[in-house]
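Step one of this worksheet: look at the structure below.
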Amino acid sequence: MGPHPAVAQVRLGVRRCLTRARLEPGDLVLVACSGGADSLALAAAAAFEVPRLGLSAGGVTVDHGLQAGSADQARKVTEILAALGLDPVQRLSVTVARPGEAGPDSEPDGPAAPRGRAGNHSAGYPGPEAAARAARYQALDRAAGATGAAAILLGHTRDDQAETVLLGLARGSGARSLAGMAERNGRYLRPLLEVSRAQTRAACAAQGLDPWDDPQNADPGYARARVRHRLLPALERELGPGVTEALARSAAQLRVDADFIDSLARTATERLTGGSGGPPTGLSTDAVAALPAAIRSRVLRNAAIAAGCPARALTAGHVAALDALMTGWRGQRGVDLPGGIRGQRRYGRLTFSASQGEDEPTSTPRQASNREGAGGRD
């Protein structure tokens, strides 16, 4: 008699993902586990599948220190991971940056942060969800470095993917955000993107595993919790079953398109910059303006990031303002960007420099009417 269907489905996801990853024999694979149903089912599946693929399986849990008893919960998780046969197992503690404190704010190819509780974070700083996520990924990177792990498995499911798409729609995000989470981004692998949350719970029950339910996942103060417990059920109720699967399927289709357009944009960026991503001499405004809009916006974004703009803080509005310097030039001044960077159109080129307040005029009014300089005010 074979395993429970849910157990088999989770194991299949792990096996397929690791096969596609093409790791080297003997490589160490770490499972990031919070003790919730998704990551716990993933850990059990990894303990079964990873050795059969000629690899080693370990585990890591991160204590964010945001709730009473979090240290005890992290300790319990390490005990469960060890009991499953994972080795090594690490327990790491992190300090989560609060609003207004400097800290990392990016997730590897993950969804843009929902910015935590509405209205309670400062512009330019991550909300509590994003800050915790950033601290968690830093800890996971440290764990990989300390153990020499070739890959880290994450427990994001099809339901998480659907939630990500809806959050992206609500923010007015572009195709890349709506494409959701990739199965692979660097060392990070997501084997369960075709597995439902109901299946991971069923897999835990079938194997006698008792998952931990993080109370923050049900807190309506968080955007993702509202999507999970209110919006998606309402959509399923009003539109019929299958909405979650359809959203995840749409994300997969959009990712294929976005990956292709991104590759074209990378090629264009390399051609325009000589392969450096953004040389001191800047980008030719005529050459950038001649690009198709979908490519042009990505080239501008790539150049701004190469100049020092934090990727997660660079919005579509910033890119649109840079685009206006290329295609809607009216003599306007430069564009202030995150990270203290300013993009300016000067003498036929888009350049980036450290923002130092108001621009000094670079030409007289008479000259400005005939050639490009710093330009006048918007």
Side-chain angles (χ1 to χ4, degrees), residues 106 109 112 168 171-179 182 185 254-378:
S106 63
D109 196 47
R171 291 190 305 269
S173 300
R176 173 51 64 192
S177 181
L178 298 182
N185 185 48
L254 278 169
R255 178 164 290 277
V256 173
D257 293 345
D259 285 346
F260 176 66
I261 298 174
D262 284 348
S263 70
L264 296 179
R266 283 193 297 271
T267 300
T269 300
E270 291 171 359
R271 174 171 54 82
L272 292 171
T273 64
S276 68
T281 54
L283 300 173
S284 165
T285 56
D286 288 342
V288 174
L291 296 171
I295 306 298
R296 187 172 64 243
S297 64
R298 286 166 167 80
V299 167
L300 292 171
R301 178 177 175 82
N302 291 344
I305 292 171
C309 294
R312 288 295 293 275
L314 190 64
T315 67
H318 293 127
V319 176
L322 291 173
D323 189 72
L325 295 179
M326 306 293 100
T327 61
W329 175 247
R330 305 185 314 278
Q332 63 264 42
R333 285 187 180 273
V335 178
D336 287 321
L337 301 169
I341 303 298
R342 169 165 282 199
Q344 292 177 291
R345 176 169 175 154
R346 293 179 181 272
Y347 309 108
R349 304 195 74 78
L350 175 65
T351 62
F352 296 90
S353 59
S355 178
Q356 296 179 349
E358 293 295 331
D359 294 327
E360 293 295 329
T362 60
S363 59
T364 65
R366 181 179 180 84
Q367 290 172 322
S369 67
N370 296 314
R371 71 184 190 191
E372 295 168 3
R377 295 184 181 275
D378 288 334

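When side chains are defined from C-beta on, V335 counts as touching L325, because their heavy atoms get closer than 4.5 Å. Side-chain contact check for T327 versus R296: some heavy-atom pair is nearer than 4.5 Å.
Between I341 and G308, the shortest heavy-atom contact is CG1-C, 4.1 Å. Looking at every heavy atom in both residues, A287 comes nearest to L272 through CB-CD2, 3.5 Å. The two atoms that bring G343 and L337 nearest to each other are N-CD1, 4.1 Å, heavy atoms only. P338 approaches C309 most closely through the heavy-atom pair O-SG, 3.4 Å. For the pair S177 and R171, the tightest heavy-atom approach, listed with the atom from each and the gap, is OG-NH2, 3.2 Å. Shown here for T269 and T273, the closest heavy-atom pair between the two residues is O-OG1, 2.7 Å.
When the side-chain contact (heavy atoms from CB on, under 4.5 Å) test is applied to D259, the partners found at least two apart in sequence or on another chain are R176, R255. With sequence neighbours left out, R298 forms a side-chain hydrogen bond (donor to acceptor under 3.5 Å, both in side chains) with D262.
The backbone N or O of G334 lies less than 3.5 Å from no partner atom in the side chain of R342, so there is not a single donor-acceptor pair. Counting only distance, with no hydrogens or angles, the side chain of R301 and the backbone of A311 share a donor-acceptor pair below 3.5 Å.
Partner M326 forms a side chain to side chain contact (heavy atoms under 4.5 Å, CB included) with one of L300, D286, V299 and no other, that one being L300. Applying the side chain to side chain contact (heavy atoms under 4.5 Å, CB included) test between S297 and each of N302, V319, L322 identifies V319 as the sole match.
The distance from the CD atom of Q344 to the CG atom of D336 is 9.0 Å, given to the nearest 0.5 Å. Atom CD1 of I305 and atom CZ of F352 lie 10.0 Å apart (nearest 0.5 Å).
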